[in-house]
There are 2 protein chains.
Amino acid sequence: MHVSDVLARVGGKWSILVIGTLGQGPLRFSELKRAVQGVSQRMLTLTLRGLERDGLIARTVTPSIPPRVDYALTDLGRSLLEPVAALGQWAIVHRAAVERARRLFDAQVPGAVQTP
Amino acid sequence: MHVSDVLARVGGKWSILVIGTLGQGPLRFSELKRAVQGVSQRMLTLTLRGLERDGLIARTVTPSIPPRVDYALTDLGRSLLEPVAALGQWAIVHRAAVERARRLFDAQVPGAVQTP
DNA sequence: CGGCATCCCTGGGGATACTG
DNA sequence: CAGTATCCCCAGGGATGCCG
């Protein structure tokens, strides 16, 4: 397991958002799907499986009718929440700087195509 | 610019490794290619362009023969180094726990195929 | 409600060859 | 040395439909 492997898991478009969302408390599948806006059912399932496999979240099934499945961060998952939140903070703080740099770069390098 | 956009940039398989490597000082292209072991010339170029565009690294060309191009973190890039390093630390500290969880999960869920 | 399964398509990314 | 250009493959991920 290398740094890049962590990012392979975390880098998946949705993992961070799921972890961040669960950081505020356990949720069931449908709630999670609503909270993590834009995620497809398929990707949410796959993301949850991956995170569960890595021990970052716990899946609790209540065999009622209708069935109920809750997802919550494990201790391991909560520990990841910290550095992830730091990265999120960075994004918020520096978003303007990045956007400025991007516009500048795009203006100077006419050949660069970004949003065709 | 959202958190997921930062991770889109950072999430690229190589960005983190490049930033981490440049954290120890400026390097030229070929040195970087050797340091970031496993990266193809193409992906290194693309990664560097992306990071440069976002103002995270600076590209300095010395028009000599043979040409020389140095890459270094900008202040913005260095600021990103912190949360990234935190994530790297997390990976190092918890790699064993993740691997254990993964083996356990794989043992309990025989149907799961991970490394065919 | 909470999922697998399936189809399909985009683009991330490797290998290779050529240029200034 | 430091790229750009091309070809090509396959995993990531969306849409849809079926099941316990």
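Here is how names work: the chains are called A, B, and so on, in the same order as the sequence lines, proteins then strands, and each is numbered from 1.
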### Query
Does B/R103 have any salt bridge (charged side-chain N to carboxylate O under 4.0 Å, His left out) partners at least two apart in sequence or in another chain, and if so, which?
none
### Task
Using a heavy-atom cut-off of under 4.0 Å over every strand shown, decide if B/K13 touches base, sugar-phosphate, or nothing.
sugar-phosphate
### Query
In the 5'-to-3' direction, what one-character label does each nucleotide of nucleotides 5-11 of chain D receive under the scheme B = base within less than 4.0 Å of a protein heavy atom, S = sugar-phosphate only, - = no such atom?
-B-----
Using residues 38-48 of chain B as the side-chain source, report each donor-acceptor pair under 3.5 Å to any protein atom, sequence neighbours left out, with the distance given to one decimal.
residue : atom : partner : partner atom : Å
B/S40   : OG   : B/M43   : N            : 3.2
B/T45   : OG1  : B/Q41   : O            : 2.9
B/T47   : OG1  : B/M43   : O            : 2.6

### Global bending angle along the helix from C/dC1-D/dG20 to C/dG20-D/dC1, which compares the axes of five pairs at either end, to 10 degrees
40°
### Task
Take the protein atom CD of B/Q41 and the nucleotide atom C1' of D/dC1, then report the distance between them rounded to whole Å.
9 Å
## Note on the structure
When rounded to whole Å, the CG to C1' distance for the pair A/L44 and D/dG14 reads 14 Å
### Message
Please list all pairs meeting side chain to side chain donor-acceptor pair (under 3.5 Å) that have one or both residues in residues 56-65 of chain B, counting only residues at least two apart or in different chains.
### Response
B/R59-B/Y71
For residues 10-30 of chain B, please give each side-chain donor-acceptor pair under 3.5 Å, one per line with the distance, not counting sequence neighbours.
residue : atom : partner : partner atom : Å
B/S15   : OG   : B/R9    : O            : 2.8
B/T21   : OG1  : B/L17   : O            : 2.6
B/Q24   : NE2  : B/G20   : O            : 3.2

### Message
Near DNA chain C, counting only heavy atoms under 4.0 Å, which residues of residues 56-65 of chain A show up?
### Response
A/R59
#### Entry: Residues forming a side-chain hydrogen bond (donor to acceptor under 3.5 Å, both in side chains) with B/R68, sequence neighbours excluded
B/D70
### Message
With a strict under 4.0 Å distance from non-hydrogen atoms of chain A, what nucleotide opens and what nucleotide closes the contacted stretch of DNA chain C, reading 5' to 3'?
### Response
C/dC1 to C/dT6
For residues 76-83 of chain A, which side-chain N or O atoms pair as donor and acceptor with protein atoms under 3.5 Å away, sequence neighbours left out?
residue : atom : partner : partner atom : Å
A/R78   : NH1  : A/L73   : O            : 3.3
A/R78   : NH2  : A/D75   : OD1          : 2.8
A/S79   : OG   : A/L76   : O            : 2.5
A/S79   : OG   : B/W90   : NE1          : 2.9

#### Entry: Side-chain N,O (A/S40) to OP1/OP2 (D/dA15) below 4.0 Å
no
